[in-house]
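Counting begins at 1 with the first residue of the sequence.
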Amino acid sequence: MDRRENQSPQGETARILVEFLEVAVTSIVYLKGLYPSGAFERRRYLSLVVHRARHPQLRDYIHMAVSGLQPFIEKGLIERVAVVFFDTENVPLERFILKLSVNQSCGSKVEDADLEFSLRSFLIKLSVSQPLTSALSQDCRWEIVAYFHMIPQADMGNTAALWIPTDTKQWQQPPLITPIKSMSSEHLNVQLYLEHPSLSKTINSK
């Protein structure tokens, strides 16, 4: 029997979403041009040409970080997943935000093709979103940040211990938000948007 037949709608939604997030995060990193183009290879995903990291450490970091979120996404504990770019003083310069909401009360079967088709449109939008982004210096760094509705408990498994509080500096003023794409379905709602510091930014080191 196919393992997916025994999955809950939330489990199947989380599985599809995690596969998508791995491709989306890689696409964002590729879009920013922080690595040579040769650091990526072209692959197909949902009938689209996308990029996959060649370097094992880069590829494994993205894969492990995103796949580690699957049980928390399934339980509806993840509010947002962000790819954050920092300057040399650890101050955020730009944030790509994916806001997620998995319907915890939905009991109907997930139609994989329909959900994947909706997520596919995010990758198309991402591929042409560079004019919306800021130019970054080559010495900036980036990381994947997950925002939880509540702190994961130790009894939720080994993956809970992998996520630690971030010491990232925050913007004191509300950020400038640029919407990129959103979707709403019976099983899943997703919003993709950019955050930049406001023009009158003041950095809070707390």
Side-chain angles (χ1 to χ4, degrees), residues 17-18 20-41 50-69 72-73 78-101 119 121-149 151 162-183 190-206:
L17 187 55
V18 162
F20 159 77
L21 285 173
E22 185 168 348
V23 177
V25 169
T26 306
S27 298
I28 290 168
V29 174
Y30 175 82
L31 181 75
K32 296 306 299 179
L34 299 182
Y35 302 95
S37 58
F40 300 87
E41 59 186 3
V50 297
H51 291 88
R52 179 174 182 263
R54 287 180 183 271
H55 195 286
Q57 286 184 321
L58 176 58
R59 185 172 64 245
D60 290 349
Y61 167 65
I62 296 172
H63 174 74
M64 294 298 292
V66 173
S67 62
L69 291 174
F72 308 116
I73 292 174
I78 302 294
E79 180 190 7
R80 291 169 289 160
V81 177
V83 182
V84 187
F85 296 89
F86 304 87
D87 65 14
T88 54
E89 301 197 358
N90 206 35
V91 175
L93 300 171
E94 184 172 68
R95 290 196 285 237
F96 284 79
I97 306 286
L98 281 150
K99 188 174 183 179
L100 315 172
S101 177
L119 293 172
S121 62
F122 283 80
L123 299 175
I124 295 172
K125 278 285 190 179
L126 264 177
S127 68
V128 295
S129 65
Q130 187 161 5
L132 304 175
T133 70
S134 301
L136 302 178
S137 65
Q138 292 296 311
D139 59 354
C140 73
R141 69 176 190 85
W142 66 278
E143 68 182 19
I144 299 168
V145 179
Y147 298 84
F148 289 75
H149 287 294
I151 298 174
L162 299 178
W163 291 92
I164 59 174
T166 179
D167 59 356
T168 298
K169 297 178 181 179
Q170 301 297 323
W171 297 318
Q172 239 179 19
Q173 301 296 323
L176 298 174
I177 295 176
T178 304
I180 297 177
K181 180 67 181 172
S182 65
M183 64 158 281
V190 182
Q191 294 178 358
L192 170 63
Y193 54 92
L194 267 171
E195 288 186 348
H196 292 106
S198 63
L199 297 179
S200 58
K201 68 176 182 178
T202 311
I203 301 302
N204 179 7
S205 61
K206 294 182 180 180

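- The shortest side-chain heavy-atom distance between Leu34 and Val29 does not fall under the 4.5 Å cut-off.
- Checked against the 6.0 Å centroid threshold, Trp142 and Tyr61 count as a close aromatic pair.
- A 4.5 Å side-chain heavy-atom check between Leu119 and Val23 finds every atom pair outside the cut-off.
- Taking the side chain as every heavy atom from C-beta outward, Leu136 and Lys32 approach each other to under 4.5 Å.
- Side-chain atoms of Arg80 and Tyr193, non-hydrogen and from C-beta on, do get closer than 4.5 Å to each other.
- Residues Phe86 and Val91 form no side-chain contact, since every pair of their non-hydrogen atoms from C-beta on lies 4.5 Å or further apart.
- Looking only at side-chain heavy atoms (C-beta outward), Ser134 and His196 come within less than 4.5 Å of each other.
- Looking only at atom types and distance, the side chain of Glu22 has a donor-acceptor partner in the side chain of His63 under 3.5 Å away.
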- Task: Could you give me the CA-CA distance, side-chain angles and deciding distance for Ile97 and Gln191, then say whether side-chain contact (heavy atoms from CB on, under 4.5 Å) is met?
- Result: CA-CA 8 Å; Ile97 306 286; Gln191 294 178 358; over 6 Å; no
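- Contact detail for Gly38 and Arg54: the closest heavy-atom pair is O-CD, 2.9 Å.
- Phe85 CZ: more than 12 foreign heavy atoms inside a 6.0 Å radius.
- Under the side chain to side chain donor-acceptor pair (under 3.5 Å) criterion, Gln130 pairs with no residue, sequence neighbours left out.
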